[in-house]
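By convention in this document, chain letters (A, B, ...) are assigned in the order of the sequence lines, proteins followed by strands, and residues within each chain are numbered from 1. Predicted model only: the values in this text are computed from it and were never measured.
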Amino acid sequence: MSGYDDSEAFEAAIPLSQRAMAARPAPYLDDLNPAQRAAVLALDGPVLMLAGAGTGKTKALTSRIVHLLATGKARPNEILAVTFTNKAAREMKERVGRMLGQVEGMPWMGTFHSVSVKILRRHAELVGLKSNFTILDTDDQLRLLKQLIVAANMDEKRWPARQLAGLIDHWKNRAWTPEKVPSSEAAGFNNRGTELYDQYQARLRSLNACDFGDLLLHCVTIFQAHADILTQYQRWFRYILVDEYQDTNVAQYLWLRLLAQGHRNICCVGDDDQSIYGWRGAEVGNILRFEKDFPGAQVIRLEQNYRSTEHILAAASGVIAANAGRLGKTLWTEAEGGEKLRLIGHWDGEEEARWIGDEIEALQRGSRGLGPFGLNDQAILVRASHQMRAFEDRFLTIGLPYRVIGGPRFYERLEIRDAMAYFRLAVSPDDDLAFERVVNTPKRGLGDKAQQEIQRAARENGVSLLEGARELLARGGIGGKGAGQLRAFVDGVDRWHDTVVNSRPEIADAVIEPLLPETAPARDHVHVRLAEVILEESGYVSMWQNDKTPEAPGRLENLKELVKALEQFDSLQGFLEHVALIMDNETEEAAEKVTIMTLHAAKGLEFPVVYLPGWEDGLFPSQRSMDESGQKGLEEERRLAYVGITRAERLCTVSFAANRRVYGQWQSQLPSRFIDELPGAHVEVLTPPGLYGGGFGAAAPAFGGSRIEERATRADVYNSPGWKRLQDRAGQRPVAQPRESRNMTIDLHAVSAYALQDRVFHQKFGYGSVIGIEGDKLEVAFDKAGTKKVVAGFISPAHEAGDLPF
DNA sequence: ATCTTTTTGATTTTT
DNA sequence: TCAAAAAGAT
């Protein structure tokens with residue numbers, strides 16, 4: 001294809017180990033099935049690898065890279081391989097490394113965003129930035145937008161920054177710069193969306209910053225406007241590989257198409273049936289259109305599934321078959337038989353959680369004639385994260401170890417962001433957003449008014465907030481105790497910044513070519529000590545030490561961890577760069593635990609035993625999806641169901657409840673319409689033989705149960721005697737089981753609470769019920785699992801007025 | 001400036 | 001129901 005004929009120089013450039021490998025017959029090909037092999041060998045021209053769930057996609061992808069290297073088609077730095085998540089990128093790197101013995105780094109293997117940052121740092125000035133631009137996180141972004149909304153004299157309640165952020169993100173996903181937003185869309189946000197978008201971009205430029213969307217969008221802009229630069233990269237990246245192509249948005253699509261235009265050696269891997277990020281801007285259309293976009297493309301289907309049993313695959317195929325507009329593929333497996341998918345109806349959400357908890361323990365013991373399955377082998381996949389709570393509650397009560405995936409990530413926690421803002425100030429004192437974040441954290445007596453003064457001083461002089469504060473202090477424009485503390489703060493930042501500059505004079509280089517974390521040896525630990533000093537001197541650590549709330553010790557722990565993480569890096573700025581792009585918190589625990597996570601988070605994972613609770617219309621498929629996106633939304637929900645089922649290797653249990661508490665209200669539920677799509681004989685319906693606990697213990701023997709062996713539809717469910725009984729009970733609220741309790745006395749002065757009907761809310765301990773009153777003391781049982789606390793000295797106006805029932 | 005009460009509004013989430 | 005954010009009070 002492309003004429004690289006300088007073969008002698010080329011040969012020399014390939015390390016010996018790889019040349020040796022090229023000489024031998026390729027062992028990595030022996031491991032592959034015919035489809036996978038075809039996908040590896042089809043090197044020239046566009047290739048679409050349609051890889052169903054569990055068909056060995058990553059294996060094919062990594063083998064392809066190894067093949068490119070081993071045959072000398074490309075050197076490691078001539079392959080562009082992009083993924084969506086850092087985890088996927090890491091895994092690919094590891095696997096290629098393992099297959100080749102060792103490879104010297106593949107610099108262009110990474111996420112769309114990390115590759116884009118590398119490109120953008122080299123050409124930042126073309127989009128009005130400097131190469132050391134910073135990457136904003138969501139917090140900063142919202143703060144900035146809010147300022148703009150206020151400045152535009154808009155009611156920030158009617159027009160929340162969140163919404164504008166979503167809109168701008170949406171536009172950036174579609175690769176629309178402010179001028180390019182079509183008029184049909186511009187009406188959004190009180191007709192001022194594009195205007196604010198424009199201002200936002202200008203503000204970002206003046207801050208020398210960009211957001212996540214910009215990383216891609218700026219690259220596309222540069223490629224489109226500068227043919228010479230584009231050509232350079234096109235030559236550079238001789239082969240392009242893309243993972244999870246079905247999740248690409250328009251900007252990513254353009255990015256790829258521009259880069260692939262020349263040689264067209266692009267291999268996209270994906271599965272149209274697993275496109276579940278439409279709400280985030282992903283266009284399934286990209287993968288559906290592939291053959292049109294790249295005429296002459298080869299389409300290779302990986303359909304042999306190595307993960308699941310026949311029954312599970314049949315159920316998954318049955319669901320997904322209801323979607324229109326698929327590229328179409330049929331998963332098959334050599335493994336015969338296996339357990340049928342189970343469909344189970346429950347009385348309510350708590351009952352469902354109870355049943356699943358029992359089932360997990362049963363399988364752990366090896367009952368059911370299967371297994372035994374350890375806790376690591378079992379996962380609960382929910383549609384919405386609030387569903388997790390019922391399981392957490394139940395598992396805490398029975399003492400079943402679990403892990404929740406997708407909680408607040410480490411780097412998104414309050415204390416970590418605060419600490420990071422301090423570091424950012426130390427590295428670049430002009431970082432106004434960081435300044436705003438921490439100028440009054442810990443409390444320095446600088447309230448809204450003082451901060452507005454600083455803003456004004458900065459604006460008048462056209463300088464950063466830090467300089468503005470300095471100016472304000474110099475002319476005595478600020479009084480009271482705030483002044484002294486502000487002085488100390490400004491001096492502190494100066495001192496820390498000096499240390500940063502002096503300890504690393506070569507900052508500029510470090511910023512432009514940040515060392516990758518794995519290649520960065522911890523040379524000296526000046527920056528680690530500096531970080532500790534900053535956190536101490538700023539009073540941030542003592543702020544948490546003095547905090548009496550239960551979460552304070554954990555926060556201090558996190559800060560320690562943060563400082564420890566710094567040791568892996570060469571400098572503060574290297575660390576900041578890393579954190580901006582890598583927001584995940586991968587702590588692989590060895591302990592045996594059941595996993596609870598959302599369906600979205602489960603993509604790419606597999607478990608022998610999978611539970612899919614909450615299959616009720618409105619919850620799954622989600623009402624909001626259907627309302628907002630109609631048929632398209634429903635199809636995406638269906639793909640989510642497909643993803644869920646195909647995570648299971650051996651045993652998959654779908655369940656639904658007749659009653660569920662939604663925002664505190666009991667609602668009677670209908671089974672999910674997807675149940676009608678689970679294919680006939682492979683589904684078994686069980687309603688539990690009795691409801692136990694939940695206040696229905698006595699009724700259990702009478703409750704009976706039902707079993708539908710053949711085809712299960714919702715109609716069958718309705719007609720089953722078990723379901724009829726559930727319906728009869730509908731609206732009757734089960735009595736909650738008493739919780740375990742623990743006594744605790746609270747300092748009189750620490751108490752501040754107010755009463756709400758027969759409930760009490762306490763800022764630090766949450767909601768609780770009043771158990772008794774003695775004099776001016778109130779006994780309250782708080783809801784938080786396993787804690788009953790005695791609150792002394794409760795006083796509230798309503799209480800004193802005698803308006804409350806207790 | 002900060003602490004206390006009321007109101008609001010609530011999928012999925014990488015980078 | 002329950003947090004978080006806004007409004008109100010000190």
At under 4.0 Å, does any side-chain N or O of [X] touch on OP1 or OP2 of [N]?
X: A:Asn86; N: B:dT14; answer: no
X: A:Arg661; N: C:dC2; answer: no
X: A:Asn440; N: B:dT2; answer: yes

### Query
Hey, mind stepping through A:Gln252 and A:Glu283 against side-chain hydrogen bond (donor to acceptor under 3.5 Å, both in side chains) and telling me if it holds?
CA-CA 10 Å; A:Gln252 285 155 339; A:Glu283 295 276 342; over 6 Å; no
Does [X] reach a base, just sugar-phosphate, or nothing at all? Heavy atoms under 4.0 Å.
X: A:Thr85; answer: sugar-phosphate
X: A:Glu637; answer: base
X: A:Ser625; answer: base
X: A:Leu619; answer: nothing

I want to verify a distance call: between [options], whose nearest atom is closest to the [X] side chain?
X: A:Arg383; options: B:dT11, B:dA1, B:dT15; result: B:dT11
X: A:Arg280; options: C:dA6, B:dT11, B:dT13; result: B:dT13
X: A:Lys443; options: B:dT15, B:dT11, B:dT2; result: B:dT2
X: A:Arg389; options: C:dC2, B:dT15, B:dT11; result: C:dC2
X: A:Ser385; options: C:dC2, B:dT12, B:dT11; result: B:dT12

## Note on the structure
The residue, A:Arg624 or A:Gly445, whose nearest nucleotide of DNA chain B is more 5′ is A:Gly445
### Message
Quick check: on DNA chain B, is the nucleotide nearest A:His113 upstream (toward 5') of the one nearest A:Arg444, or the reverse? Name the residue that is more 5'.
### Response
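It is A:Arg444 whose nearest nucleotide is closer to the 5' end.
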### Query
Could A:Arg394 and A:Phe391 be counted as a cation-pi pair, given that NZ or CZ must be under 6.0 Å from the ring centre and within 45° of the axis?
no
### Query
Under 6.0 Å from the six-membered ring centre of A:Phe133 and within 45° of its axis: does the NZ or CZ of A:Arg121 meet both?
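Geometry flag: set, cation within 6.0 Å and 45°.
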How long is the line joining [atom1] of [X] and [atom2] of [N], in whole Å?
X: A:Leu216; N: B:dT14; atom1: CG; atom2: P; value: 16 Å
X: A:His386; N: B:dT13; atom1: NE2; atom2: P; value: 11 Å
X: A:Asp169; N: B:dT12; atom1: CG; atom2: P; value: 16 Å
X: A:Lys603; N: B:dT13; atom1: NZ; atom2: C1'; value: 12 Å
X: A:Leu414; N: C:dA4; atom1: CG; atom2: P; value: 11 Å
X: A:Gln141; N: B:dT13; atom1: CD; atom2: P; value: 18 Å
X: A:Trp615; N: B:dT11; atom1: CH2; atom2: C1'; value: 17 Å
X: A:Asp243; N: B:dT15; atom1: CG; atom2: C1'; value: 15 Å

### Task
Find the runs of at least 3 consecutive base pairs, i with j, i+1 with j-1 and so on, that include DNA chain B, using Watson-Crick or G-U wobble geometry with both distances under 3.5 Å.
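Ordered by first number, the stems with DNA chain B (at least 3 consecutive pairs each) read B:1-10 with C:1-10.
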### Message
Tell me whether the rings of A:Trp255 and A:Phe223 are parallel (<30°), tilted (30 to 60°) or perpendicular (>60°).
### Response
tilted
#### Entry: Under 5.5 Å and under 30°: A:Trp279 stacked on B:dT12
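A:Trp279 ring centre within cut-off of B:dT12 base, planes near parallel; stacks.
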### Task
Could you walk me through whether A:Glu453 and A:Gln455 pass side-chain hydrogen bond (donor to acceptor under 3.5 Å, both in side chains), step by step?
CA-CA 5 Å; A:Glu453 284 298 317; A:Gln455 296 264 6; over 6 Å; no
### Message
Please determine whether side-chain hydrogen bond (donor to acceptor under 3.5 Å, both in side chains) holds for the pair A:Asp211 and A:Tyr200, giving the CA-CA distance in whole Å, both sets of side-chain angles, and the decisive distance to 0.1 Å.
### Response
CA-CA 10 Å; A:Asp211 63 20; A:Tyr200 172 64; 2.8 Å; yes
### Task
Report yes if the distance between the aromatic ring centroids of A:Phe435 and A:Phe489 is under 6.0 Å, otherwise no.
yes
### Message
Evaluate A:Trp279 against A:His600 for ring pair (Phe, Tyr, Trp, His ring centres under 6.0 Å), listing each step before the verdict.
### Response
CA-CA 12 Å; A:Trp279 50 274; A:His600 284 92; 5.5 Å; yes
